[in-house]
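One structure is given here, and the rest of the page talks about it.
Everything numeric here is computed off the predicted structure, so don't read it as measured data. Just follow the structure's listing: the first ligand is 1, and inside any ligand the first atom is 1.
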Amino acid sequence: MFKLSKFFHFKRSNLLYLVISLGILLWCISIGSAFTHAIAAQPSPILAQSQSLPPLGPNRSTVEAGKELYVSTCSGCHIAIPPEVLPTETWQELLENPHKHYGTSVPNMIRLSQILIWDYLKTNSRPIWLRDAPVPYYIEQSRYFKILHPRVEFSEPITTKSCVLCHPGVKDFNYRILTSEWEDAP
Ligand code: HEC
Ligand code: HEC
């Protein structure tokens, strides 16, 4: 007669070990999967925080609106000047005194336009480098304009009319594109 106990007689203790190890293995797998579930369900505290934090600096859409308003308000008589060529102090003076503008007056400068344009200009310009240095009222006097033109030796006077000589995108307020002679120059 076939007897299971007899058949397994020799290996019974081994079978016991096998069952115990299988049990431990299953336990590990279940703990592991519970752990991953817990992690997936809850984003890490740092991620959760960064998602609810407001963006740094002024609201981006406000700055975009300020940019559009700047270009439309400040390109009526001359080109819209890129903010980075003049220090923040210059822009502040000009915005605070729209009725004393180089012998003329800037129209349509209501309080809201002033605030929005200021947001844009402040975000995109730097304060004066040296303390107590005079505020430049012309691009030609601005240190930042020179710093932005490391390759250029200006022979002609620098005015709002001369930018287009090398910047063909002036009409679209694009100062990245250069004429081919500068684009190809080393
Ligand atoms: C009503 C016409 C008019 C409008 C609009 C106007 N400007 Fe002017 N702007 C002038 C005149 C005129 C000059 C002097 C140009 C000169 O002396 O060669 C000038 C010169 C400037 C200069 C000095 C440019 C240089 O040659 O270095 C800056 C900077 C400037 N304006 C900024 C602005 C800003 C910012 C706005 C919008 C808030 C604006 N302008 C709107 C008429 C205007
Ligand atoms: C004689 C040619 C020339 C003239 C005129 C000129 N620029 Fe430029 N500009 C350049 C070149 C070239 C560069 C790239 C930097 C370099 O190689 O020096 C540049 C770079 C710039 C930049 C930086 C662009 C960027 O990639 O961020 C700004 C802003 C700018 N110019 C504004 C002006 C304004 C405003 C005027 C007029 C008042 C002007 N430039 C006149 C040649 C010129």
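Under the 4.0 angstrom criterion for non-hydrogen atoms, G76 is not in contact with ligand 1. Under a 4.0 Å heavy-atom criterion, G103 is not in contact with ligand 1.
Atoms of ligand 1 lying under 4.0 Å from any heavy atom of C77, numbered from 1 in the order shown and given with element: 1 (C), 2 (C), 3 (C), 4 (C), 5 (C), 42 (C), 43 (C). Below 4.0 Å from some heavy atom of T73 lie the following atoms of ligand 1, by number and element: 5 (C). Counting atoms of ligand 1 from 1 in the listed order, those under 4.0 Å from a heavy atom of L94 are 28 (C), 29 (C), 30 (C), 32 (C). The atoms of ligand 1 that sit less than 4.0 Å from any heavy atom of W91 are 35 (C).
Partners of Y120 under the ring pair (Phe, Tyr, Trp, His ring centres under 6.0 Å) rule, at least two apart in sequence or in another chain, are Y70.
Not a single donor-acceptor pair under 3.5 Å links the side chain of D119 to the backbone N or O of I115. Not one N or O on the side chain of K67 forms a donor-acceptor pair closer than 3.5 Å with the backbone of L121. Panel note: side chain Q114, backbone L95; a donor-acceptor pair is recorded below 3.5 Å. Within the 3.5 Å criterion, the main-chain N or O of V135 finds no donor-acceptor partner in the side chain of T90. Under the 3.5 Å distance criterion, the side-chain polar atoms of S162 are left unmatched by any main-chain donor or acceptor of I158.
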Need the list: ligand 2 N/O atoms against protein N/O atoms, distance under 3.5 Å, rounded to one decimal.
{"from": "ligand 2", "atom 1": "7 (N)", "to": "H149", "atom 2": "NE2", "distance (Å)": "2.9"}
{"from": "ligand 2", "atom 1": "7 (N)", "to": "H167", "atom 2": "NE2", "distance (Å)": "2.8"}
{"from": "ligand 2", "atom 1": "9 (N)", "to": "H149", "atom 2": "NE2", "distance (Å)": "2.7"}
{"from": "ligand 2", "atom 1": "9 (N)", "to": "H167", "atom 2": "NE2", "distance (Å)": "2.8"}
{"from": "ligand 2", "atom 1": "17 (O)", "to": "R151", "atom 2": "NE", "distance (Å)": "2.4"}
{"from": "ligand 2", "atom 1": "17 (O)", "to": "R151", "atom 2": "NH2", "distance (Å)": "3.1"}
{"from": "ligand 2", "atom 1": "18 (O)", "to": "P150", "atom 2": "N", "distance (Å)": "3.1"}
{"from": "ligand 2", "atom 1": "18 (O)", "to": "R151", "atom 2": "N", "distance (Å)": "2.9"}
{"from": "ligand 2", "atom 1": "26 (O)", "to": "R176", "atom 2": "NE", "distance (Å)": "2.8"}
{"from": "ligand 2", "atom 1": "27 (O)", "to": "R176", "atom 2": "NE", "distance (Å)": "3.3"}
{"from": "ligand 2", "atom 1": "31 (N)", "to": "H149", "atom 2": "NE2", "distance (Å)": "2.7"}
{"from": "ligand 2", "atom 1": "31 (N)", "to": "H167", "atom 2": "NE2", "distance (Å)": "2.8"}
{"from": "ligand 2", "atom 1": "40 (N)", "to": "H149", "atom 2": "NE2", "distance (Å)": "2.9"}
{"from": "ligand 2", "atom 1": "40 (N)", "to": "H167", "atom 2": "NE2", "distance (Å)": "2.8"}

In a table with atom names and distances, give each donor-acceptor pair under 3.5 Å that connects a side chain of residues 75-88 to protein atoms at least two apart or in another chain.
{"from": "S75", "atom 1": "OG", "to": "V71", "atom 2": "O", "distance (Å)": "2.5"}
{"from": "T88", "atom 1": "OG1", "to": "S125", "atom 2": "OG", "distance (Å)": "3.0"}
{"from": "T88", "atom 1": "OG1", "to": "R126", "atom 2": "O", "distance (Å)": "3.1"}

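Contact annotation for S105 and ligand 1: only backbone heavy atoms (N, CA, C, O) come within less than 4.0 Å of the ligand. Contacts with ligand 1 closer than 4.0 Å are made by backbone heavy atoms (N, CA, C, O) of Y137 only, the side chain lying farther away.
By the 3.5 Å distance cut-off applied to N or O atoms, H101 is counted among the residues near ligand 1.
Atom CD1 of I117 sits about 11.0 Å away from atom CG of L94, to the nearest 0.5 Å.
Residues V170 and L178 fall within the same hydrophobic cluster, defined by Ile, Leu, Val, Met, Phe, Trp and Tyr side chains chained together at heavy-atom separations under 4.5 Å.
Applying the ring-ring contact (aromatic ring centres under 6.0 Å, His included) rule to pairs touching residues 124-147 yields Y102-Y138, F145-H149, F145-F154, sequence neighbours excluded.
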